[in-house]
Number of protein chains: 2
Amino acid sequence: MARRTKEDAQRTREQLIDAAEIVFHREGVAQTSLNEIAQQANLTRGAFYWHFKNKQSIFKAMLDRQAVELGQLGMVMEASSESDPLARLRESILYVVRELERDPRRRRVYEIVFQKCEMTEQNEPIGTLLRDNVLISSDRIRAAFNEAIATKLMPANLDVDSAITHLHVQITGVVYLWLLLPDKFDLQSQATRLIDLFFDQLPQHFLSDAGEHLD
Amino acid sequence: MARRTKEDAQRTREQLIDAAEIVFHREGVAQTSLNEIAQQANLTRGAFYWHFKNKQSIFKAMLDRQAVELGQLGMVMEASSESDPLARLRESILYVVRELERDPRRRRVYEIVFQKCEMTEQNEPIGTLLRDNVLISSDRIRAAFNEAIATKLMPANLDVDSAITHLHVQITGVVYLWLLLPDKFDLQSQATRLIDLFFDQLPQHFLSDAGEHLD
DNA sequence: TTTTATACATTCATGAATGTATGTATAGTT
DNA sequence: AACTATACATACATTCATGAATGTATAAAA
């Protein structure tokens, strides 16, 4: 065989990433050889090295591809018809969680990131990806809270930082635990419960220490 | 050099595990070679292969050593003078969290487990370790709740399963997030807050659906 | 239509890690 | 005191993944 059309080449690139996802998920990233990826895609290492520099490179490409989808997802969220910023936040979080369970490929990548790869200095993009994810979503959550405060939906002395951390803990916790023990509980109902509880207790339990000296 | 005394041999075994912890933490488990471990311990692969069968083997030994300490920790917890089972539960959880931050070696192993190794089928003990940890601690938590119900500290229709899951989500979430971004928040105060919030809302928000049809 | 760059497959050279086999000095045993 | 098992170090053989080099058929450019 030999050269295909440009569109074909782009498709084999995608096939290689698909194959990498499958093998990474099954064997773990470190244990996967480039040959396994190529074989899974019914190709040879020649094809691999044409499209990617090394394993690092295809791993990053896999993450980038998923990140693009997540970006689109963020757009969807911000295009929500909901006027209440906290309702929009709630809605988008639950949407992400729903997609995680619904889309097998997204779940595979999540499982790879949380369980099937090592966050080492040598293995950068993962660490920065996860950290940046937290930081970027922190900004979004902060914006929603600030808007809620501005429109008097939340008290002015809301401890936004603590609330953000608390929310991240909830999401990180359910997702990690569910990926670890998917049969132990229902992801959707638990996530909904957590988020609703969080928003319920938000105005009572997350006020800043301004009035701490009252007793 | 040559043969040392039996106690010496036991100590070199420990040194090898210490070295493995350090190199695993720095390079990731998959990326570490047995030679690196031996060198870190100022030994050769000959010593390694005398004490361990392969990398798997020393990795499991490392986990087992930590598990033993955790077992002792469980004993400490159950020997608590506190009579209230939920207070005992709270106390022991916060103790574990405190130890995680205080003991550098414990933290290293946690970071290895959460960030520096791959949970693959080939790489069993990790997956089972984490899962078993959840299941075993679930039993302990369940026992505490049942005792609390029996002594009328908690309502009889407490949804124990949901509460357990919820508690695990909290702990998993803070620990994971703090290991990822240690400077983003203070572990102790956040954990305390989470746990206290949990116990606060327990009797109101975690009742079973027995009375669901009332409206 | 010829040429050239592309999209791979195939082959090869290298290095690194593993496991094993062997060597050896000494702690225990008799 | 002689012997044996232990606790390693050293040396060796094998595997295997990587990366590069080369081959090649065809799409696209000229």
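This is a predicted model, so every value here is computed, not measured. Below, chain A is the first sequence line, B the second, and so on; all start at residue 1.
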*For residues 111-135 of chain A, pull every pair meeting salt bridge (Lys or Arg N to Asp or Glu O under 4.0 Å), keeping only residues two or more places apart or in separate chains.*
A:R107-A:E111

_So, OP1 or OP2 of C:dA7: does either fall under 4.0 Å of a side-chain N or O from A:W50?_
yes

*Listed in order of residue number, which residues of residues 9-29 of chain B have a non-hydrogen atom at under 4.0 Å from DNA chain C?*
none

Side-chain donor-acceptor pairs of residues 135-143 of chain B under 3.5 Å, sequence neighbours excluded:
unit_1, atom_1, unit_2, atom_2, d
B:S137, OG, B:N133, O, 2.8
B:S137, OG, B:V134, O, 3.1
B:S137, OG, B:H168, NE2, 2.9
B:S138, OG, B:V134, O, 2.7
B:R142, NH1, B:D161, OD1, 2.9
B:R142, NH2, B:D161, OD1, 3.2

*With sequence neighbours excluded, give me every salt bridge (Lys or Arg N to Asp or Glu O under 4.0 Å) pair touching residues 38-61 of chain A.*
A:K60-A:D64

*Can you check the B:D8 CG to D:dA9 C1' distance for me, whole Å?*
16 Å

Strictly under 3.5 Å: I want the nitrogen or oxygen pairs between protein and nucleotides 11-21 of chain C, one per line.
unit_1, atom_1, unit_2, atom_2, d
C:dT18, OP2, B:L34, N, 3.0
C:dG19, OP2, B:Y49, OH, 2.6
C:dG19, N7, B:R45, NH2, 2.4
C:dG19, O6, B:R45, NH2, 2.7

*To the nearest Å, give me how far apart CD (A:E7) and P (D:dA27) are.*
12 Å

*Short side-chain donor-acceptor distance under 3.5 Å, A:Q188 and A:E101*: yes

*Any idea how A:Y176 and A:F114 line up, ring-wise: parallel (<30°), tilted (30 to 60°), or perpendicular (>60°)?*
perpendicular

*Within less than 4.0 Å of OP1 or OP2 of D:dC8, is there a side-chain N or O belonging to B:H51?*
yes

_I want to verify a distance call: between D:dA27, C:dA27, D:dC8, whose nearest atom is closest to the B:A47 side chain?_
D:dC8

*B:R65 bridged to B:E21 by N-O distance under 4.0 Å*: yes

_Suppose the criterion is salt bridge (Lys or Arg N to Asp or Glu O under 4.0 Å): which pairs have a residue in residues 85-95 of chain B, not counting sequence neighbours?_
B:R88-B:E147, B:R90-B:D196

*Between the side chains of A:T5 and A:E7, does any donor sit under 3.5 Å from an acceptor?*
yes

